[in-house]
> 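Here it is: the structure, laid out below.
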Amino acid sequence: MTIPDSTTDVPGTASDRPHVWQSTWRPAEGARSIDLRYLERDPRTTHRPYFDPVLRLAAGHRRFDEKLRLLDVGCANGAFVRHVLEQQPRWDVSGIDVLPELVDAASAAVPGAHFSVADICAPSSLPSERFDVVTALTIPSHFDTLDVWLPNLLGLLAPGGTAVLYGPLNPSPVDLICRLRYAQEDGNGNVNGNGDGEWLPGWNVISQQTYDSFLKGRARSWACHYLPVADLGYPAGDPADGLSSRVVPTSDGQRLGNASGLTYHMACLEIHL
Ligand SMILES: C[S@@+](CC[C@H](N)C(=O)[O-])C[C@H]1O[C@@H](n2cnc3c(N)ncnc32)[C@H](O)[C@@H]1O
């Protein structure tokens with residue numbers, strides 16, 4: 001099926017016609033300006049309840065006093081890196097993010113860790129060293145295929161290393177790729193001061209089956225851990241930001257969702273090389 005190009009035969013500028021399809025999808029791999037909102041959050045006081053389950057999986061059955069090298073991909077303001085250092089002061093902890101502003105803020109706020117600008121889709125930008133643990137929290141849903149980022153992430157692991165991914169995952173064998181945007185009030189996409197009307201990636205829900213197919217032959221073992229969303233610290237009511245996740249009752253219990261109507265399970269995927 002081809003999507004009709006509604007911009008070719010409708011008169012007027014795009015901002016006159018906020019109800020029509022105005023753009024091709026924005027590439028999924030790049031930075032999103034909305035992630036600059038992490039600059040407004042102090043990593044020293046930002047604790048997300050998923051940090052602890054991720055860290056437990058990251059530590060695995062290793063000895064408590066073992067000194068591990070951990071890299072957090074898509075570290076934003078460094079809140080998870082800070083949490084790891086607090087819980088595991090002996091670990092050597094690093095973070096990478098594609099947005100230089102966030103890397104600068106994380107470096108200033110979280111001394112004792114190493115931060116650098118890097119794009120998980122661009123191998124030449126990535127650190128040359130290898131890590132015992134690589135984490136990627138709420139960033140897997142940014143990409144349209146596993147091929148553009150997951151091989152690079154696994155390539156950052158030392159032999160015997162562990163990756164822990166956290167984000168939307170579909171237990172049913174269906175993959176969802178989507179873009180969301182703030183609906184436009186004034187033709188410029190300025191709703192509550194958010195966004196510029198661009199179609200944003202970030203809410204893809206890839207199936208467990210697609211991960212299984214991808215990981216066969218590339219990893220020694222892996223396991224999905226679906227987390228009870230009510231315990232993850234997301235609001236149960238509607239937050240002011242329509243794209244923010246909140247807990248939504250569904251016929252099979254509770255999932256996360258947002259004002260788009262999309263709902264999704266959240267899971268940790270633990271991968272061992
Ligand atoms: C939704 S935020 C999640 C932040 C943090 N991991 C957390 O759980 O709170 C996604 C982060 O991934 C970063 N990011 C997006 N695409 C990236 C890429 N290709 N390479 C590295 N970082 C990326 C964004 O800049 C943003 O800081």
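Whatever order the structure lists them in is the order used to number ligands and atoms, beginning at 1.
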> Say whether R48, considering both its backbone and side-chain N or O atoms, lies within less than 3.5 Å of an N or O atom on ligand 1.
no
> Cation-pi check, R218 to F214: give yes when NZ or CZ is under 6.0 Å from the six-membered ring centre and within 45° of the ring axis, no otherwise.
yes
> Of all the non-hydrogen atoms in the protein, which one sits nearest to atom 2 (S) of ligand 1, and at what distance?
Y38 OH, 3.5 Å
> Looking only at heavy atoms, which two atoms of S245 and P235 are closest? And how far apart?
O-CD, 3.5 Å
> Is L85 reachable from L57 through a run of I, L, V, M, F, W or Y residues, each pair having side-chain heavy atoms under 4.5 Å apart?
yes
> Among all protein heavy atoms, pick the one closest to atom 22 (N) of ligand 1 and tell me residue, atom and distance.
V98 N, 3.3 Å
> Between D97 and ligand 1, is there a nitrogen or oxygen pair with a distance under 3.5 Å?
yes
> Start with the C-alpha gap between D241 and Y182, add the side-chain angles, then the distance that decides, and say whether side chain to side chain donor-acceptor pair (under 3.5 Å) holds.
CA-CA 9 Å; D241 178 354; Y182 295 103; 2.8 Å; yes
> Can you check whether I96 has an N/O within less than 3.5 Å of an N/O in ligand 1?
no
> What part of L102, side chain from CB on, backbone N/CA/C/O, both or neither, has a heavy atom under 4.0 Å from ligand 1?
side chain
> For A118, which part has a heavy atom under 4.0 Å from ligand 1: side chain, backbone, both, or neither?
backbone
> Using the ring of each side chain (for Trp, its six-membered ring), is Y50 parallel, tilted or perpendicular to Y234, with breaks at 30° and 60°?
parallel
> If we only count heavy atoms from C-beta on, is the L269 to V164 side-chain gap below 4.5 Å?
no
> Name the closest protein heavy atom to atom 3 (C) of ligand 1, giving the residue it belongs to and the distance to 0.1 Å.
T138 OG1, 3.0 Å
> Look only at interatomic distance and state if R32 has a nitrogen or oxygen under 3.5 Å from any nitrogen or oxygen of ligand 1.
no
> Using a 4.0 Å heavy-atom threshold (strictly under), name the region of I139 that reaches ligand 1: side chain, backbone, both or neither.
side chain
> Give yes if a backbone or side-chain nitrogen or oxygen of A31 is under 3.5 Å from a nitrogen or oxygen of ligand 1, and no if not.
no
> Decide whether an N or O pair under 3.5 Å exists between C75 and ligand 1.
no
> Tell me whether the guanidinium CZ or amine NZ of R41 lies under 6.0 angstrom from the six-membered ring centre of Y38 and within 45° of its axis.
yes
